[in-house]
Amino acid sequence: MISLNTALIKELSLLPSRPKIMVIGETDTGKSTVVKTLAHWFQEQSQKVAVVDSDIGQSDIGPPGFVSYGILTQSTTSPQSITNKGSYLVGKTSPYGRELSVVTGTKVCVEAAQRSEADAILIDTCGLVKPAGGVQIKCAKAEMVKPDLVLALNTPGLTPLVNCLNSLGFHVRNFLPSKKVKTKLAKIRKENRISRWNAYMGDSPSLFSVHHSRAVIRRWWDESRYVDIDQIPHGTVAAIQDPQTPGFQIPCIWTISEGDPFVLAPLPKNCKLGTIWITAYKLELNGTTVTSA
Ligand SMILES: Nc1ncnc2c1ncn2[C@@H]1O[C@H](COP(=O)(O)OP(=O)(O)O)[C@@H](O)[C@H]1O
Ligand SMILES: [Mg+2]
């Protein structure tokens, strides 16, 4: 666990009660590590901490392709110690072309974290911060969430975004990324996505038979990439409405077994599926284990 410097601790102590803190930076600048460190710090102050994970490609809380939020439950801050409380479907591991659903999911998760009476809400973000599209998605997130503090892991590429956020009136505090931050190769990123999906599904997810004639199957937000509703391929990311948390979706995987369609999800066997949302985010499966994501 890295330690927070004195200037930052002072800054945190001056924040209003129940602060929202958004961490921004380019890819591999240590954003998620800073979020974990902050989570630990707030927990040490006996605060109930919520983390909103809006990095849909390198998720720490729910599976990739979803914006998720969770509440810290143990004294350690490994991802496993954050209980996933809700996920919002995006259906892609890159925010390009899905900016609106990423921003919507972030807002929905922050509002749910506020309703859960979290004392501090930490918002992790993706590394898309430039050019204009990156600035826009982060400004939109900030406008929707209204963070009390934006922690910027500043690199030259972040300057236009930081300038915009400052001009919008946000309180941005700049930090240089740690020299110890390690770059994650594409292969490692892919392995992280696979392990996040398998961790989410657990050891024995349930297989729900899907009868096309009875189930309501819809493209998520009218998914623009090609996805044939009548021939949904093996290993497609899907979701159902979350009955416990209206407005959230439970991540599922659409699969084909012996020619018949099923949905795979870590849910009780008697669970009703309702509408099944389909995306064009494809996975590869070996049985119920995700092997490519
Ligand atoms: N201060 C630090 N000391 C040592 N390792 C770090 C530090 N910050 C980040 N890392 C490591 O660098 C890698 C990238 O950090 P991460 O927080 O995942 O970056 P980001 O979320 O910006 O992509 C991870 O393997 C992480 O463990
Ligand atoms: Mg990260």
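Numbering of ligands and ligand atoms starts at 1, following listing order. Counting from 1, the numbers follow the sequence of the chain as shown.
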Residues Ser292 and Lys190: side-chain donor-acceptor under 3.5 angstrom: yes
Lys31: numbered ligand 1 atoms lying under 4.0 Å from its heavy atoms: 17 (O), 19 (O), 20 (P), 21 (O), 22 (O), 23 (O)
Test item, Lys184 contacting ligand 1 (heavy atom, 4.0 angstrom): yes
Test side chain to side chain contact (heavy atoms under 4.5 Å, CB included) applied to Thr255 and Ile232, Thr236, Leu285, Val210, the passing residue: Leu285
Phe248 and Tyr88 aromatic ring geometry - parallel, tilted or perpendicular at 30°/60° bounds: perpendicular
Closest approach of any protein heavy atom to atom 5 (N) of ligand 1, naming residue and atom: Lys180 O, 3.5 Å
Heteroatom N/O/S of Thr33 within less than 2.8 Å of the Mg ion (ligand 2): no
Nearest neighbour in protein (non-hydrogen) for atom 2 (C) of ligand 1: Ile2 CG2, 3.4 Å
Nitrogen or oxygen atoms of Arg189 and ligand 1 under 3.5 Å apart: no
Under 3.5 Å: N/O of Asp124 near N/O of ligand 1: no
Given Asn154, Asn166, Thr159, the one that forms side chain to side chain donor-acceptor pair (under 3.5 Å) with Asn174: Asn154
Options Thr183, Asn192, Val181, ranked by nearest heavy atom to atom 10 (N) of ligand 1, top entry: Val181
Enclosure of Lys85 NZ (heavy-atom neighbours >12, cutoff 6.0 Å): no
Expected output: side-chain Thr125 to main-chain Val23 donor-acceptor under 3.5 Å: yes
Side chain, backbone, both or neither: Ser32 near ligand 1, heavy atoms under 4.0 Å: both
Protein contact of atom 19 (O) of ligand 1 - nearest heavy atom, named by residue and atom, plus distance: Gly30 N, 3.1 Å
Distance filter under 4.0 Å to Ser178 heavy atoms, resulting ligand 1 atoms: 1 (N), 2 (C)
Over 12 non-hydrogen atoms of neighbours within 6.0 angstrom of CG in Asp228: yes
Options Val34, Leu153, Thr33, Asp55, ranked by nearest heavy atom to atom 27 (O) of ligand 1, top entry: Thr33
Glu143 and Lys107 ion-paired at < 4.0 Å: no
For atom 12 (O) of ligand 1, closest protein heavy-atom neighbour: Lys182 N, 2.8 Å
Neighbour count >12 (heavy atoms, 6.0 Å) for atom NZ, Lys282: no
